[in-house]
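Note on naming: letters A, B, ... go to the chains in the order of the sequence lines (proteins, then strands), and numbering restarts at 1 for each one. Side chains included, hydrogens not; waters and symmetry mates left out as well; all remaining heavy atoms used.
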There are 2 protein chains.
Amino acid sequence: MTDSAPAGDDLVRVLATLSNPHRLRVVAALTRGRTYVSQLARQLDISRALLQVHLKKLEAAGLVSSQLELSEDGKAMKFYEMKPFSIHLTPESIADAVETLTDEKGSSR
Amino acid sequence: MTDSAPAGDDLVRVLATLSNPHRLRVVAALTRGRTYVSQLARQLDISRALLQVHLKKLEAAGLVSSQLELSEDGKAMKFYEMKPFSIHLTPESIADAVETLTDEKGSSR
DNA sequence: GGCACATGCCAACAAAACTTAGCACGTGCC
DNA sequence: GGCACGTGCTAAGTTTTGTTGGCATGTGCC
């Protein structure tokens, strides 16, 4: 793992990622097992385009991982699966995280 | 506490509220002790108008509470303080919360 | 009265997030 | 070839969120 973003900014990103019903449903679905995009889209009854955006955000936040695989009949299928994580939120843990928050919005400014 | 919103929607609201640097800083500040709006605005170096919006969101999410008090010299001062909370986020806890998610956006629709 | 301090609200703009629709590409099979 | 299934992208629209600035209220004090 690249220790890129400070813990504080990281927390913000993860929380922002998880504060969306669609993405929570994706997390719930993937917790029950890995699947590929089209399958998941049908399962959740949302468009592929929409699901892909949400999956990318989840992956960007480091909450899920993906691997491209070829099915027996040669079709490219992208599988996603949960990455285990455990975040304990309390006023104190947040106060700690704030210590490592980057000043402005974009890190560079 | 009014058991209004389903646990799932509640979680979404809390996470959305906490996914903002300004609000995290407010939480951090209030964790160190209660204060009133103007004081907090100076402390965090942001405008009162902006701070008030964020405080309202925090209060709406049930993370902080406020009480209007009169100082010795009769000035009305609004004090805010943290409400203790503890949220454990894991793929499983999220999967559970999803069970109680309201279908569409606004509960009524 | 005028200044310093406190509160509140709102209109307006700016920015970010979400969603849709359509296009591209590829495969296997009738 | 045409259809069903898989992938990816992006432009354009809507909606939500964040932020600013102004103006209202109130108090005490010189």
Chemist: Where the side chain of B:R23 is concerned, which of D:dG28, D:dG18, C:dT19 is the nearest nucleotide?
Modeler: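 The answer is D:dG18, which lies nearest to the side chain.
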Chemist: Nearest-Å distance, CD (A:E72) to P (C:dC29)?
Modeler: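 The distance from CD of A:E72 to P of C:dC29 comes to 11 Å, rounded to the nearest Å.
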Chemist: Once salt bridge (charged side-chain N to carboxylate O under 4.0 Å, His left out) is applied, what residue pairs with a partner in residues 42-65 of chain B remain, sequence neighbours excluded?
Modeler: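 Those involving residues 42-65 of chain B do not exist here.
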Chemist: Any donor-acceptor pair under 3.5 Å linking the side chain of A:R23 with the backbone of A:T17?
Modeler: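 Between the backbone of A:T17 and the side chain of A:R23 there is a qualifying donor-acceptor contact (under 3.5 Å).
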Chemist: Is there a side-chain contact between B:R42 and the phosphate of C:dA6, meaning an N or O under 4.0 Å from OP1 or OP2?
Modeler: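 Affirmative; the distance criterion is met.
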Chemist: What's the CG-P distance between B:L55 and D:dT19, to the nearest Å?
Modeler: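 B:L55 atom CG is separated from D:dT19 atom P by 13 Å.
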Chemist: Can you find a side chain N or O atom of B:N20 that sits less than 4.0 Å from OP1 or OP2 on D:dT17?
Modeler: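 B:N20 to D:dT17 OP1/OP2: no side-chain N or O under 4.0 Å.
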Chemist: Taking side-chain hydrogen bond (donor to acceptor under 3.5 Å, both in side chains) as the test, write out the residues that go with A:S65, two or more places apart.
Modeler: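 Checked A:S65 against side-chain hydrogen bond (donor to acceptor under 3.5 Å, both in side chains); zero matches.
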Chemist: With nearest nucleotides of DNA chain C determined for A:D73 and A:S19 from heavy-atom distances, which residue corresponds to the more 5′ nucleotide?
Modeler: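 Taking each residue's closest nucleotide, the earlier one in sequence belongs to A:S19.
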Chemist: How close or far is atom P of C:dT7 from atom CG of B:L40, stated in whole angstroms?
Modeler: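 Roughly 10 Å, once rounded to whole Å.
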Chemist: Run the side-chain hydrogen bond (donor to acceptor under 3.5 Å, both in side chains) test against A:H22 and tell me which residues pass, sequence neighbours left out.
Modeler: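 Partners of A:H22 under the side-chain hydrogen bond (donor to acceptor under 3.5 Å, both in side chains) test: none.
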Chemist: Quick test: give all pairs of protein nitrogen or oxygen and nucleotides 7-12 of chain D nitrogen or oxygen below 3.5 Å, distance rounded to 0.1 Å.
Modeler:
unit_1, atom_1, unit_2, atom_2, d
D:dT7, OP1, A:V37, N, 3.2
D:dT7, OP2, A:S38, N, 3.1
D:dT7, OP2, A:S38, OG, 2.1
D:dT7, O4, A:R48, NH2, 2.7
D:dG8, OP1, A:K78, NZ, 3.1
D:dG8, OP2, A:Q52, NE2, 2.6
D:dG8, O6, A:R48, NH2, 3.2
D:dC9, OP2, A:K56, NZ, 2.6

Chemist: So, is B:K57 near the phosphate of D:dT17, with a side-chain N or O under 4.0 Å from OP1 or OP2?
Modeler: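 So the side chain of B:K57 is outside the cut-off, no N or O lying under 4.0 Å from OP1 or OP2 of D:dT17.
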Chemist: Measure from the side chain of A:K75, starting at C-beta and using heavy atoms only, and say which of C:dC5, D:dT20, C:dG26 lies closest.
Modeler: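 Minimum distance to the A:K75 side chain belongs to C:dG26.
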Chemist: Tell me every residue that passes side-chain hydrogen bond (donor to acceptor under 3.5 Å, both in side chains) with B:Q43, counting only those two or more places apart in sequence or in another chain.
Modeler: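 Here no residue qualifies.
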Chemist: Would you say B:H54 places a side-chain N or O within less than 4.0 Å of OP1 or OP2 belonging to D:dT17?
Modeler: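 Checking B:H54 against D:dT17: no side-chain N or O falls below 4.0 Å of OP1 or OP2.
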Chemist: Taking side-chain hydrogen bond (donor to acceptor under 3.5 Å, both in side chains) as the test, write out the residues that go with A:S47, two or more places apart.
Modeler: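 If we apply the side-chain hydrogen bond (donor to acceptor under 3.5 Å, both in side chains) test to A:S47, skipping adjacent residues, there are no hits.
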Chemist: Calculate the interatomic distance between B:L50 atom CG and C:dA12 atom P; express it in whole Å.
Modeler: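 Rounded to the whole Å, the gap is 20 Å.
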Chemist: Tell me the interatomic distance from B:H22, atom NE2, to C:dA16, atom C1', rounded to whole angstroms.
Modeler: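 In whole Å, C:dA16 C1' lies 14 Å from B:H22 NE2.
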Chemist: Might you point out which heavy atoms bring B:Y80 and B:S66 nearest each other, and give the distance in Å?
Modeler: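 Scanning both residues completely, I find the closest heavy atoms to be CE2-CB, 3.5 Å.
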Chemist: Rounded to whole angstroms, how far apart are CG on B:L51 and P on C:dA6?
Modeler: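 From B:L51 CG to C:dA6 P: 12 Å.
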